[in-house]
Each structure stands twice: as C-alpha cells, then as structure tokens.
K.L.:
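This is the structure I want to talk about, given as structure tokens.
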Amino acid sequence: MTAFILARLMRAVAVLVFTVTLVFIVLRLTGDPAQQMLSDNAGPEALAAFNAKWGLDRSILEQYLYYVANVLRGDFGISFADGREVFTVVSERIPKTLIVTVSAFIVSILIGIPAGILAAMRRESAVDKGVMAAAVVGYSVPNFLLGLVFIFVFAVWLRVLPSSGSSTWSHAVLPIATFALFNAAAVARFMRSTLIDVLGQPYIAAARADGIPPWEIILRHALPNAAIPMVTTLGFVAGGLLGGSALIEPVFAWPGLGSGFVNATNTGDLPVVQAMIVLFTVFMVAINLTVDVLYAVLNPKIRKH
Amino acid sequence: MTAATSSRPLRSTAWAPFNRMPASIWLCCAWIAIVVIVGITAQWSAPYDYTHQDPLARFARPFVSTAHLLGTDYLGRDVVSNLLAATQTTLMIALLGSVICALLGTSLGLLAAHFGGWVDNAVMGFADAMAAVPFIIIALSVLALFGTSPLLFVFLVGLASWERYARLTRGLVISAKEEGYAEAARIVGVPSMRIYLRHMLPNIAGPLIVQFTVNFPEIILLESGLSFLGLGIQPPETSLGLMVADGRNYLAIAWWLAAFPGAVIVLTTLSISLLGDYLRDRLDARLR
C-alpha cells in the first residue's frame with residue numbers, strides 16, 4: 001500500500017510541476033511579463049525592480065527557476081486591482097470558499113446517501129422516482145439559474161434571507177443550499193445505481209438465502225462493497241463543488257475563490273489569475289490524492305500489497 | 001442476430017426508436033423542433049431588431065400588449081426579439097462546439113485504438129487529466145491568459161469533455177477489431193482508414209450519437225455559464241446566458257428579464273437529455 005500511495009504522491013507532484021511550468025510558458029509567450037504584471041502607470045524604477053526580482057535579465061532557464069522559487073514561497077507578485085500582495089488577496093478568500101463548499105459537501109452526503117439507499121431498496125417507490133427526477137432536473141438547470149431562483153423566492157419575494165454578501169451566517173444559507181441541492185441529487189443517483197449493482201451480486205443472494213435481515217445485508221454486506229465506487233464519485237462531487245464556486249459565488253457576491261477567479265479573469269489581473277490557477281490545481285490534486293488513499297485503504301486488493 | 005438485423009427493411013430499422021414513443025418524449029421533440037426552427041429563422045421571425053431601443057417603453061410587463069408580448073428590458077428592447085437572437089447564438093455555439101468535440105474526441109480515440117502503445121498512453125493520460133479538473137476552471141484559465149474572442153470561445157467550448165468521446169471510441173474500436181467483419185475486411189486487403197470509416201463507424205455510431213445528446217446540453221450550460229460570468233459572448237452580440245446576467249440586476253422589479261431566457265435554457269437542455277435517455281434505452285434494448 002505504501003508503494004501505491006508513494007506512486008500517487010509522485011504523480012501529484014508531477015501534475016503541480018507541469019501546471020506551474022505551463023503557466024510560466026504561457027505568461028512568457030503572451031508578452032512582456034513586466035508590462036503584464038505591473039499596471040500601466042508603473043514607473044521605470046518599478047519595472048527595473050520587477051525585472052531584478054524575477055530575474056528577467058537572465059536566461060530563460062534561470063527565469064524559470066526564479067519563478068518556481070517565488071511560487072514555492074507563495075510570492076505571486078502584486079494584484080493590479082488594489083496593489084496588495086497576491087498571497088494576501090487570495091488567502092483571505094480561501095476560508096470563505098471552504099465554509100460554503102465543505103458545508104454543502106456534508107449536506108449533500110447527509111441527504112444524498114440515505115436517499116440513494118432508500119431508492120435502491122424500494123425500486124419504483126416515491127423516493128426512487130423523486131431521486132431520479134431530481135437528478136434529471138439537476139443536470140438540466142444551470143446552477144447559477146437555481147441561485148437566481150433562490151434569490152428571487154427567499155430574498156425578493158419572501159424577504160427572509162439576504163441575497164448577497166457574507167457578513168452574517170444567514171448570507172451563507174442560499175449559496176450552500178444551491179450547491180447542496182445539485183450535489184445531493186447527483187450523490188443520491190450514484191448511490192442508487194452503485195447499490196443496485198451490488199445488490200445483484202451472488203453473495204447478496206447467498207446472504208438473503210441464509211436468512212440475514214435486509215438492513216443487516218445493506219449495512220454489513222452491500223455498503224462496504226459500494227463504498228469503493230462511491231469514494232470515486234464523491235471525489236468528483238468535491239471537484240465539482242470547487243469548479244461550481246466560479247459560477248455560484250458571483251451570483252451571491254460571495255467573496256470566495258470562485259468569484260475572485262472570475263473577477264481577476266474579467267479585469268485581466270494576471271498576478272491573481274496565475275495564483276488562482278496554481279491554487280485550484282493544488283486543491284484538485286489534494287482531492288484526487290485523498291480519493292486514491294481512501295481507495296487504497298478501502299480496497300483489500302491494494303491494501304494487502 | 002446480425003443476419004436478422006440486416007434483412008430487416010432499412011426504413012423500419014431507422015424508425016424503430018420512434019415507434020410507441022411516450023407523450024413526454026413527443027413533447028421534448030416538439031420543443032426541440034421549435035428551438036431549431038427559431039435557430040434557423042431568428043433573423044426573419046423577430047418582430048424587432050433585438051438591439052432596437054425604445055426608451056418610452058422601458059420595463060413593459062409581459063403578456064400585456066401584443067407589441068411586446070414578453071415585455072421589454074431596461075432600455076426598452078423587445079424581449080421576444082432578444083430571446084430569438086439569443087437562442088440562435090447559443091444554439092449555434094453549442095452545435096459548433098459539439099461537432100468540434102465529437103470530431104476531436106472520436107479521432108483521438110481512434111488514434112489511440114489504432115496505434116496502441118505510447119500513443120494510447122499519451123491520449124488516455126491526457127484524457128484522465130482533463131476529466132480530473134472541472135472544465136470551468138480550465139476555461140477560466142484559458143480565457144484569462146488568452147483573452148476573450150468569439151473564435152477562441154467556440155473552440156474552448158468544443159474542448160469540454162472530448163475525453164468521453166475518446167474513451168468511448170477507443171473502447172468500441174478495440175472491441176470491434178475483434179469481430180469477424182473487421183478481420184475479414186483486413187484479410188482481403190481493405191485499407192485501415194476505409195475499414196474504420198466505412199465498416200466500423202456505422203456499427204459503433206449508436207453509442208456515439210447517445211454521447212452527442214449527453215454532450216449537447218452540457219455545452220449549452222457551459223456556454224450560458226461563461227456568458228453569464230461575462231466571459232463568453234460579448235455585447236452587442238446576445239446569448240441566453242448573457243440575457244440571464246442582464247436580467248439578474250433587475251430581479252426585484254422585472255422578473256421576466258431573467259425568467260424567459262432561463263426557461264428556454266432549462267426546457268432545451270431538459271428536452272435533449274430526456275430524448276437522449278430514451279434513445280439510449282431503445283438502442284441498448286436493440287443491442288441486447
């Protein structure tokens with residue numbers, strides 16, 4: 001198992017190096033970095049200082065090493081928008097995004113997994129049809145549109161929740177609900193189909209023939225076997241939450257990473273953009289690595305090696 | 001099995017999925033047909049030029065006057081005309097994007113299956129990497145680094161989920177290679193290209209068509225999402241996502257500005273998804 005995890009760790013590092021290199025190459029290809037990275041009214045001494053700091057007067061290889069060293073220290077330069085360190089600008093948005101995505105992830109699991117189990121155990125029941133209908137709607141309604149519907153209903157019409165901002169906990173309710181509703185439907189659908197697959201296996205029929213009560217079959221025999229594919233799916237859901245933050249956070253003016261990335265893209269704030277790309281890659285790599293490790297822990301075939 | 005299928009008249013085989021179709025699927029087809037007709041005829045069927053402003057008729061409510069059936073926006077522009085033009089743009093981009101995506105993914109999958117070895121590893125490794133990162137993040141990065149232009153946008157949208165076509169085609173081609181007809185064609189000296197295009201493609205087209213119906217609504221959602229964020233279609237051009245973004249600022253006083261384009265997006269993606277699900281069930285049943 002250690003070898004498996006080490007191999008995955010190596011791959012994670014390789015992906016990060018690849019991303020940082022790609023960002024470096026693209027930034028160098030698309031123009032003079034000093035002019036891109038400093039605002040238009042930067043004076044000649046600012047340009048010279050920038051060139052010295054990033055080693056722009058040296059060879060391309062040395063420039064690359066400088067770039068990597070600065071990225072490793074978390075130094076991405078100065079944001080165009082407000083002249084602050086990119087590191088500060090980006091890192092103060094991290095907890096905001098984590099509050100919403102992690103809560104939404106927990107809520108989706110708490111709703112989705114029981115709903116999926118019920119749907120798989122009682123095929124064609126009201127729960128089953130509800131889960132399938134919700135999943136179809138979840139695929140067809142854009143998440144930003146659902147966010148707007150929520151704003152219209154709860155903020156404009158009923159006036160019970162704020163529509164935008166992040167000053168109190170009540171501001172987080174609508175973004176979390178928008179995220180969670182989508183993902184709960186997806187989790188429930190995958191839980192349902194995975195469990196239906198497992199319940200069709202011969203060892204379940206054998207357990208039934210032995211007279212083991214249905215809830216014990218589900219808890220002791222079916223769920224541990226369904227857990228392995230579910231971990232992969234939950235990894236996708238977690239990644240989807242992170243990607244979805246780019247669409248849902250702007251709807252609620254929630255000052256997280258997603259809306260930060262969109263703002264930086266819209267204003268051409270390249271120092272922030274490159275930091276966001278690296279940060280999102282770090283998050284995705286961390287999620288995929290967690291999935292791999294859980295996979296190794298859950299799957300006896302890998303665990304035994 | 002093969003003999004039975006080929007001896008059936010072609011017409012009844014082609015129409016088989018449409019026999020005994022449930023009413024809900026007919027409704028989906030009807031909506032798709034309306035959207036397609038709108039997509040083709042928007043220039044001629046729109047009552048006004050969608051950019052035409054009428055400051056005296058701002059925020060006209062929908063279903064009140066026949067002059068502006070779905071109301072007007074904050075500049076007095078007709079919502080019906082805007083909706084028709086926006087549907088056309090969104091549909092065009094989704095269609096171009098889907099075709100690019102299908103061609104790219106299918107060709108790469110074919111290359112991977114044909115050459116195997118390191119080509120296979122490279123294509124599939126790239127596909128895995130693409131699938132591991134939410135596409136919206138990749139799209140934002142590309143738009144931030146290269147700027148927004150219509151051409152780049154269409155290609156970008158076309159890059160979304162090509163890896164699913166690649167994986168599907170690769171699997172289908174590898175299993176089709178094992179079948180008698182491909183082997184027979186190869187033995188009598190038919191060139192590989194001809195085997196793939198003339199003999200294999202018709203046999204593996206079913207799952208690829210189903211993939212197209214899954215992909216198309218996703219591309220509509222991606223296009224409207226990026227346009228909603230202000231990163232896709234730029235004014236004065238219009239698209240459904242852009243209309244929703246415009247209407248968003250007036251939710252409290254003019255709900256119809258966001259509601260109608262939103263409804264068109266949802267109805268269109270829902271119709272195509274349901275039709276795709278239905279086709280998949282029918283095509284799978286025939287394969288069994």
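FYI, side chains are in, hydrogens and waters are out, and symmetry mates aren't considered; it's all heavy atoms of this structure. Letters A, B, ... mirror the listed sequences (proteins, then strands); counts begin at 1.
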K.L.:
Return yes when atom OH of Y250(B) has more than 12 non-hydrogen atoms of other residues, nucleotides or ligands closer than 6.0 Å, and no otherwise.
P.N.:
yes
K.L.:
Any non-hydrogen side-chain atom of V133(B) less than 4.5 Å from a side-chain atom of F280(A)?
P.N.:
no
K.L.:
Relative to chain B, which segment of L145(A) carries a heavy atom at a distance below 4.5 Å: side chain, backbone, both, or neither?
P.N.:
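Just its side chain gets close to chain B.
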K.L.:
Check the surroundings of atom CZ in F126(B): do more than 12 heavy atoms from other residues, nucleotides or ligands lie under 6.0 Å from it?
P.N.:
no
K.L.:
Nearest 0.5 angstrom please: T265(A) OG1 to L140(B) CG, how far?
P.N.:
5.0 Å
K.L.:
State which residue, out of S273(B), S271(B), P217(B), fulfils the side chain to side chain contact (heavy atoms under 4.5 Å, CB included) condition with S140(A).
P.N.:
S273(B)
K.L.:
Considering only heavy atoms from C-beta outward, does the side chain of M276(A) approach that of S141(B) to under 4.5 Å?
P.N.:
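Answer no - side chains too far apart.
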K.L.:
Sort out for me which of L231(B), I220(B), V244(B), D277(B) touches chain A most, counting heavy-atom pairs under 4.5 Å.
P.N.:
L231(B)
K.L.:
Under 4.5 Å heavy-atom distance to chain B, tell me which part of V136(A) shows up: side chain, backbone, both or neither.
P.N.:
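Backbone plus side chain of V136(A), per the 4.5 Å heavy-atom cut-off to chain B.
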K.L.:
As an exercise: rank L251(B), I136(B), V266(B), L229(B) by heavy-atom pairs under 4.5 Å with chain A and give me the winner.
P.N.:
L229(B)
K.L.:
Has M130(B) got more than 12 heavy atoms of other residues, nucleotides or ligands less than 6.0 Å from its CE?
P.N.:
yes
K.L.:
Rounded to the nearest 0.5 Å, how far apart are CD1 of I277(A) and CD1 of I137(B)?
P.N.:
9.5 Å
K.L.:
For F236(A), is it the side chain, the backbone, both, or neither that has a heavy atom closer than 4.5 Å to a heavy atom of chain B?
P.N.:
side chain
K.L.:
For V251(A), which atoms come within 4.5 Å of any heavy atom of chain B: side chain, backbone, both, or neither?
P.N.:
both
K.L.:
What residue, out of W157(A), F152(A), F261(A), F283(A), has the most heavy-atom pairs lying under 4.5 Å from chain B?
P.N.:
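The residue among W157(A), F152(A), F261(A), F283(A) with the greatest pair count is F261(A).
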K.L.:
Tell me, with the steps shown, if L226(B) and L247(A) meet side chain to side chain contact (heavy atoms under 4.5 Å, CB included).
P.N.:
CA-CA 8 Å; L226(B) 287 173; L247(A) 278 162; over 6 Å; no
K.L.:
Heavy-atom pairs under 4.5 Å with chain B: which of P250(A), A155(A), S259(A) has the most?
P.N.:
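Top count of heavy-atom pairs under 4.5 Å with chain B: P250(A).
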K.L.:
Answer with side chain, backbone, both or neither: which region of N266(A) has an atom nearer than 4.5 Å to a non-hydrogen atom of chain B?
P.N.:
both
K.L.:
Report yes if some heavy atom in the side chain of L221(B) is under 4.5 Å from a heavy atom in the side chain of V141(A); otherwise report no.
P.N.:
no
